[in-house]
Structures are given as structure tokens and as C-alpha cells.
Amino acid sequence: MTAATLTPPRPGTASDHDGYARLVHAEWTKFRTVRGWVIAVIVAALVTLLLGLYTGVRSQAGCVNGPCHYTIPTGPGGEAVTDTYYFVHRPLTADGTITVRVTSLTSVIDTAMTPQGPARTEPALVPWSKTGLIISANPSQGSAYAAVMVTGSHATRMQWNYTGDTPGLAGGVSVASPRWLRLTRAGDVITGYDSDNGTSWTKIGTVTLPGLAATVQAGLFATSPGYTAPSGQQLTGGSSGGAPTDATAIFDRVSLQGGWPGGSWVGTSVNGGPDSISYPAGTEAGYRQVGGTFTVTGSGDIAPGVSGATPVDASLAGVFIGLIAVIVVGALFITTEYRRGLIRVTLAASPRRGRVLAAKAIVLGAVTFTAGLVGSAGAILLGIPLLRANGNAIDPTTTLTDARVIAGTAALVAVLAIFALGVGTILRHGAGTVTVVITAIVLPYLLAAAFPVLPAGAADWLLRVTPAAGFAIKQVIPAYPQVAGSYTPFNDYFPLEPWAGFAVTCAWAALALALAAFLLRRRDA
Amino acid sequence: MKRALHAEWTKLRTIASTFWLLLAAAALTSAVSAAAAAATRCPSGSCADDPAKISLTGIYLGQAVIAVLAVMAVSGEYGTGMIRLTLAATPRRLTVLAAKAAIVTGLTLITGAIAVLGSLLAGRLILPGHGIGPSHGYPALSFSDGPVLRAGLGSVLYLVLIALLSLGAATMLREAAAAIGAVLGLLYLFPIIAAAAGNATVSRHLEQIGPMTAGLAIQATTGLNSLPISPWAGLGVLAAWVAGALVLGGLLLRLRDA
């Protein structure tokens, strides 16, 4: 009996899951078999890494006597701080109160920065010059503290542990309108008060300094940060240091209550060594006591550090070179299909066009993320120790911040490659895509940050709205409102928060992909 | 050579994209310059601003469009396979390159002149209202002022040199996207790397040898002492890059199959 010939069963259509995996596999095969693209991606990673190493090797910090030898002090919260001031203090062994009246705060600025004649000083109003009372765990850099102070043009304030800040009574200080300041310590809790007549006190704030030892140092301080007179046009470039200044304050009616062991006032200049402080020409820090009146002069600042040290992302300059290569690869990944006619085969093999685009995005994103990760991790993990070995002071950052910078940069490279893919699908022209994407990403960063030609407002707008906003992911040090600094992109301060800037770039990539998918479906090919 | 020139002119003028690219170059340059001028304010009346340099900010974008045009003049032939026909018709390959260079130069001169005129006009109209004008002590943006004339003419020459640089790069790389990526990378990356370099000497050297950073020194009319390189020397550096690109491109054109 002959077996009935059976027609073989019609092969079932592959399940959706299988189809997707096959699509991704197909796109991966297309990518890896083009030697030029693979080489370009590898070169991108290598260049990022090598340039990070190169910056580490070639960056030599210099101070007056050779390489700088000071470490950036860190505050109780682990952030980099500037902690330089003149401290007139006595020990406080238990709970107590210190009250003082401030009758004058004047500053001088070093005019050696102007090209007119020899170095001299002139009076100036330095907005963030500070003087007042401070209770500090010990008179060294980076210790926990709480202070109530009068400032140059920001009225009375209470500040603590470098990042905390609260305003108090408005108005400046003068002989006609003096300010009374009071700090009260009860265990770990310090309360600050101010008054303009010595009898009615307003509480400014209460802070807890955890783990405060029984004996602390308390007394008067004066300090004044580097200052540049503002110019009319706020260009995005420029340094944030400014000329050295110092502040001189006159205190009287000092009164102490509570656990103050007997003794006399000690004057200490708190700083990080001779390399870390500079005084205006012909002045120096110190104090004079005549009867009950103290005149204290000091320079520096007690604030979170915003400039001066090398941020961790200084090693990431090579990312831009790698980015150009990655953008070219991303554009070519889709436009070559159109040029060679392979798009017909691709769309015939996978009629679901959105999936084709998604598969391409997955492959491209994974490859470029890996390349970016290798590049930026290598540049930072190998480049930063090199920078440190060459005497550069590196801003201390937490491991989490480092990880954010590394992973964020790699993710940014991947997202920008996908953006190029989307634009390539829309335009279908290789050179046009590369031009559009590079001018949308690199040119805003160039004009706003690297080659400052635009005023600050326009630069801000560019870095919020264009895909270049994603570079904010590299920002390491936050901007503090109570510290005057040059918060410009040139100095690594971006207008958006890191992940917010990254989200803007992701939004651009998503928009490009959505439009690409839409056009891919509607057009012939 | 005359026939080669005629052939190249015919090729470029019969593609629609040539006209649109040139129009876009002029329009975008003027628009970005106007935007930069509008964004600049000097309320105090004493800012260290360079009105000519602000007015010519659009060149940063215009140069990219000019570069695309020059790259497509060569890569378009390779992409469509017409290079075989061209080289068969004109076996003397350097003549082909020279003819392309001449036509692209001519087109860029005209477009560049329009773009620079538009930018300077925009600056002349907008900047005085923002505190940067003759009434505040700044020189007027007119061609009777020597430095402004130098800035304007120099910017046109700059655009021509960028076009020739792109032509050379495209002849070397033959692939449009790679060539434009290489040119834009070369232009835009030097200032970024220079800004990120920790060493001031390295920074300054990078700015002196970078094609865009050196070439755009010609735009400065004030603060000449703080430039990394003097204006005409900067254009000279860019010309050196162009010469290198064209020589290499010509060499490869002669030695390779096509």
C-alpha cells in the first residue's frame, strides 16, 4: 500500500518573538560586516580613551614654586569646599552664647589686574565679603561650622556646613546702623540671631551639627572672596577667580555667657598653605584688639568650592572626536541601504517597517553604548589618577557621581547615534544627515561653551533647547546661589540639571525616530 | 582646461541642490549673524565687544553649508558613478581637480560676498540699538574702516578656503558622509579640545594650528593682542591646511583607480 503522499505542512509563520530576534540579528550582521563602520566605532572608543590619558599626562598645574601642593578640603558632606578665613577664637567647652556688635565692614581689592602701574589696592564693595561670628569644630579646613554674618551686599545671613544658607535682617552695616549678632550653642544645636538695636533679637535659623565634640572653637571671623568688577557684557568665557580682596571688620561689645573657660583670644589664619591664599598687595590677615574693640582682617571664603580644581570630566574631551565618528556611522547605517538599494531587500524581508527601524536602533545603540563606555570609563579611571599625579587638584566626587558621568556619557553617545539614525531615515542623504546632526549637536556646544562668542543669555538658551543639552550630564559641581562664581558653560556649568539635559537629547532622538518611522511607513521606501 | 571648466560648470549648475545650498548658506549666515547681534546687549556702554566679530558669527554655520556643497561636487560623482565618465573625458586628472576647484571657488566667492554683506548689514542695523554703535565709541560697521574691511574680505576668503579644504577632503575620502564628517570634525573639534586641555601652552598651540580657530582670527577688529595668532597669519595657516588637502587629494586621484 502506497503511503499517501502528504504535502509537507505549510511552514508556520515565525512567531513574533522569533521574527524580532531575527531582525536584530540581521541588522547586527549588516553592521559587523562593514569593516569601515566597525573600525570607526573602535577608533571612537580608543580616541576618547587616549585623549583622556593625554590630558592627564600633559596637564601640569603650576603654582609660584613649582607644582601646586595643596589638596582641596572637603566639608562634612564630602563636597569640595573653600575654607579660608581669619579666625579670632576661644574654646567653648559646654553650652554657651556669644554676642557681638559689628559696626563696619570694608573691603579692598587688588588693582594689579589692571594694566596701569604697580600693584595697589583700592576700596571696593565685594558682594560676598563676610564677617561675623562662627562656631567651628576646630580651626582647620573642612570642619563643621555654623556662622552668623554680615555680608558686603547680601545683608545678614546664617550659613552652616558650607552649603547651608539663610538670609536674616536686610541692609548693610555701618556705624550709623550697626548689627548685633548672636550664636547660641546647646549641645549639637546652634541657633543664630540678629538684631539692629541689641535688645530685640530675631532668630535667623537653627542648625544641628551632628557629632559635635564638647569643645569647639568660637569667635569672630572675616573673609572676602576674589572679585571681578562686572562688565556690561556678560560673555560666556572668562575666569571665575578675580582679583584678591580682603575684608576688614570692626567688632565691639563682645559678650560671652556659658561654658567659656578662661583664656585669651587666639588669632588663626585658616587656609590650605601659602599656595592656597593670596592677599591684595601690601595687606595681610590679622586682628587688633584695642580695649573691647576688635579689628579683624581676612581674605578667602567659607563656601562650597565652585572653581579652581579640575573637575572629573576634564578627561572627557576626546568624547567629541568619538562622537563625530559615531554620528557618521549612525547616518551611514541607514543611508547606505538607500544608496546601494539594499533597502528594498530589507523592507521585503521585514514588511513591518517600524520594527526594522527599531532593530537598527537597538543594534546601533548597543554598539555605540559599549564603545562610549569603554572610552569614557578608560579616560576617567585612567586619566584622573594621571592628572592627580601631575599635581592637579581634582574636585572630590562621590563614586555615584563618577558612575553617572561615565554611564551618562556612554548613554549620550548612544542616544546621539540613534538621533543620527532617525535623521538619516528622514533625509535619506548621507552628507546632509551628518551636517544636520553635527551642526545641531557640536555647534551649539562650541558656540556656547568652548569658543565663547555668544552672550550668556543666548548660550543658555542654546544649551537648553538643542540636542547639545545632553552634555549637561558631564556636569560635576552644582551651582550654589550663595557663592559668586562664573557659572557659564565654559566653566562646566550647564543651565539644566544633568539628567534633565540628557532627557532633552533623548526627546530629540525620540522625535527623530518617530518622524522617521512615520515617513518610512508612508513613503515608498 | 577651458572645456574642463565648462564641463564642471555645467555639472554644478544643472543640479537643483547647488542653488539651494548656496541660498541656504547666504541666508543662514545672515540669519545667525542677526540673531547673535540681537542677543548681544551692552547696557553699561563699556563692554569689550567686537562689533565686526559679533556680526560675522553666522560664518560658523555658513561654513558647514559651503563645505557640504564642495563635498557633494566631488562625492556626488563617485556616488553616481559619473567619475568614470569624467575621467574618461578628461584623462588629465589634475585638470579635473583644478576645474572643480575653480568653479567651486567662483561660486563660493559670490555666495560668501552676499553672506558677509548680509551679516554686516544686519550687525550695522541691530547693534547700535543694543549699545554697541558709533554713539558709544565703537567704530561704525562700514567698509571705510580698515579693520572692518579686513574682517569682511577675510571672511569671504575664509569661506573660499573652507570650500577648497572640503574639496580636497572629498577627493581623498570619496564618500560624502565620511568626508563631511572629517571636515566638520577638523573644524569644530580643535577649539573644543583646546578649551579642554589643561595646559595653557597646549591650548594656545592648538588654537594656532586649528583651521577654524586660526582662520577666524581674521574676523577680529579689537583685542588683537589676545588672539592666539594674528589675522592674516591665521588665514595663512588655513591656506596651509588647504594646500595639504588639495595636494594629497590630487596625489590620490592620480594614483588610485578613481
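Below, each value reflects all heavy atoms present in this structure, side chains not excepted, and no hydrogens, waters or symmetry copies. Naming convention: chains lettered A, B, ... in sequence-line order (proteins, then strands); numbering from 1 in each chain.
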Quiz prompt | Residue pair B:L167, B:V71: steps toward the side chain to side chain contact (heavy atoms under 4.5 Å, CB included) verdict | solution = CA-CA 5 Å; B:L167 199 78; B:V71 162; over 6 Å; no
Quiz item: So what's closer than 4.5 Å to chain B heavy atoms on A:I321: side chain, backbone, both or neither?
Solution: both
Exercise. Below 4.5 Å from any heavy atom of chain B, which atoms of A:I327 appear? Answer side chain, backbone, both or neither.
Key: neither
Practice problem: Please state whether the side chain, the backbone, both or neither of B:L189 comes within less than 4.5 Å of a heavy atom of chain A. | Solution: side chain
Quiz item: Any ion pair linking B:R174 and B:E77 (charged N to carboxylate O, less than 4.0 Å)?
Solution: no
Exercise. Please determine if A:K360 and A:E337 form a salt bridge, counting it only when a charged side-chain N lies under 4.0 Å from a carboxylate O.
Key: yes
Quiz item: Counting heavy-atom pairs under 4.5 Å to chain A, which of B:D50, B:V183, B:V65, B:L184 comes out on top?
Solution: B:L184
Quiz item: Given the options B:T57, B:I192, B:I180, which has more heavy-atom pairs under 4.5 Å with chain A than any of the others?
Solution: B:I192
Self-check item: Most contacts with chain B, counted as non-hydrogen pairs under 4.5 angstrom, among A:T433, A:V328, A:L51, A:T435
Solution: A:T435
Quiz item: Would you say the side-chain atoms of B:Y158 and B:Q63 include a donor-acceptor pair closer than 3.5 Å?
Solution: yes
Quiz prompt | Pair A:S376-A:T409, side-chain donor/acceptor within less than 3.5 Å | solution = no
